[in-house]
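These figures come from a predicted structure and were not determined experimentally.
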Amino acid sequence: MTTTKYRTGMKMSLDEFLSLGKTDGKWELDDGVLYIMASGTRDHQFLILQFSRRLDDYLDGFEQSPAHFYHEMTTILSRELQRAPEPDIVIVREGRPGILEGRWVEGAPDIVVEILSTDRSRDLVRKRRIYAEAGVLEYWPVDPRNDTVIQLELRDGQYVERAVLGADDVLTTPLLPGLSIPLADIFHHRRRPPRDSE
């Protein structure tokens, strides 16, 4: 019996990628090229959990939820271009039939959140480009080193920086009216593990 040794840089089709099933760590397909990343650090996982918790609290305040969110979910941005990243958090507003009907998110989410990791340029440059090309309305790179959230919004096919928020700021977005996340509650949380740079 032959076992395939998967490695970063391998070429594969989207169908082959999706047939892999459950994998360890974070696996993404970018223009038909496989990227395998280690699981996030404790701080990385903590930040995903804290942002997710506050999104969940916000959505629980509605009788009919205005959006859905998932973390570390394969997201098929383009079958033609063979692009399927696994963002840290994806948010899809209600009323978008088809995008959540299969096992994956298929199409451009309304908001993507990425906690910057060791490959910062991939999140800040490459992913910024592919999310914009796919039509993701807002992209929020979260920088654990500096405790900031960059809010990028799509205008004429390009991201424009709406704000760089720090621990003293409150995160809001016109896409989710009423959402209000005091970032000090996350970045200065008493149980936060050491930052990735420490």
Side-chain angles (χ1 to χ4, degrees), residues 18 21-23 26-28 39-40 43-79 83-117 123 127-128 130-144 147-155 157 159-165 167 169-189 191-192:
L18 296 176
K22 186 166 171 47
T23 55
K26 193 171 185 175
W27 292 45
E28 301 184 327
S39 297
D43 190 42
H44 189 275
Q45 293 296 324
F46 179 84
L47 292 172
I48 293 173
L49 179 64
Q50 292 300 319
F51 278 99
S52 296
R53 183 177 150 210
R54 280 148 184 86
L55 285 166
D56 197 46
D57 288 346
Y58 163 74
L59 295 174
D60 271 351
F62 294 87
E63 180 126 354
Q64 171 126 12
S65 180
H68 307 274
F69 80 94
Y70 303 92
H71 55 85
E72 298 180 335
M73 172 70 71
T74 297
T75 302
I76 303 167
L77 294 178
S78 171
R79 285 187 175 271
R83 288 181 182 166
E86 189 179 295
D88 290 321
I89 299 173
V90 294
I91 302 167
V92 178
R93 291 181 297 170
E94 191 57 58
R96 298 191 55 207
I99 191 169
L100 298 176
E101 285 176 8
R103 289 176 51 199
W104 306 278
V105 173
E106 180 150 8
D110 293 291
I111 302 171
V112 165
V113 183
E114 293 279 13
I115 314 297
L116 302 186
S117 55
D123 289 329
K127 287 191 175 178
R128 176 178 176 145
I130 67 170
Y131 291 148
E133 287 175 358
V136 176
L137 298 178
E138 292 195 13
Y139 176 35
W140 304 346
V142 177
D143 188 345
D147 288 350
T148 57
V149 178
I150 305 167
Q151 285 192 297
L152 301 170
E153 63 182 17
L154 197 62
R155 289 190 207 155
Y159 281 129
V160 174
E161 195 176 280
R162 185 168 70 232
V164 178
L165 305 175
D169 297 313
V170 175
L171 186 149
T172 63
T173 172
L175 298 181
L176 298 172
L179 176 70
S180 178
I181 301 175
L183 292 174
D185 292 354
I186 295 177
F187 291 136
H188 294 161
H189 196 289
R191 289 189 294 103
R192 184 176 176 187

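Contact between G95 and P97 at its shortest, heavy atoms only, is O-CD, 3.3 Å. In this structure, E161 and L152 approach most closely via the heavy-atom pair CA-CD2, 3.8 Å. A pairwise comparison of heavy atoms in L18 and I76 identifies CD1-CD1, 3.8 Å as the closest pair. Scanning all heavy atoms of the two residues, the minimum distance from Y70 to L100 falls at CE1-CD2, 3.8 Å. For the residue pair I91 and P109, the shortest heavy atom distance occurs at O-CB, 3.6 Å. For F187 against V149, the heavy-atom pair with the smallest separation is CZ-CG2, 4.0 Å.
Contact annotation: the side chain of V142 never approaches that of D88 to less than 4.5 Å [non-hydrogen atoms, C-beta and beyond]. Within the 4.5 Å cutoff, the side chain of I150 has no heavy atoms near those of the R128 side chain. Side-chain contact between V136 and Y159 is present, with at least one heavy-atom pair separated by less than 4.5 Å. Between V170 and S180, the closest side-chain pair of non-hydrogen atoms falls below 4.5 Å. With contacts defined as side-chain heavy-atom distances shorter than 4.5 Å, the pair L77/Y131 qualifies. By the 4.5 Å heavy-atom criterion applied to side chains, I115 and Q45 are not counted as neighbours.
For the atom pair S52 OG and E72 CD, the distance stands at 9.0 Å (nearest 0.5 Å). Once rounded to the nearest 0.5 Å, the distance linking CD1 of I181 with CG of D169 reads 13.0 Å. Atom CD1 of I130 sits about 7.5 Å away from atom CD of E28, to the nearest 0.5 Å. Separating the NE2 atom in H188 from the CG atom in L183 is a distance of 10.0 Å, to the nearest 0.5 Å. Taken from CG in L116 to NE2 in H44, the straight-line distance is 8.0 Å, to the nearest 0.5 Å. Atom CG in L47 sits 10.5 Å away from atom NE2 in H189 (nearest 0.5 Å).
Of the residues I111, V113, L179, the one that meets the side-chain contact (heavy atoms from CB on, under 4.5 Å) test with L55 is L179.
For R54, the side-chain hydrogen bond (donor to acceptor under 3.5 Å, both in side chains) criterion is met by Q50, not counting sequence neighbours.
Pairs engaging residues 91-115 under the salt bridge (charged side-chain N to carboxylate O under 4.0 Å, His left out) rule: K26-E114, R79-E106, R93-D110, R96-D110, E114-K127 [sequence neighbours left out]. Annotation: side-chain hydrogen bond (donor to acceptor under 3.5 Å, both in side chains) contacts involving residues 134-144, sequence neighbours excluded, comprise R120-D143, E138-W140, E138-R162, E138-T173, D143-N146.
The aromatic rings of F62 and Y58 sit perpendicular, their planes meeting at an angle over 60°, well past the 30° parallel limit.
No more than 12 heavy atoms of other residues, nucleotides or ligands sit less than 6.0 Å from atom NE2 of H71.
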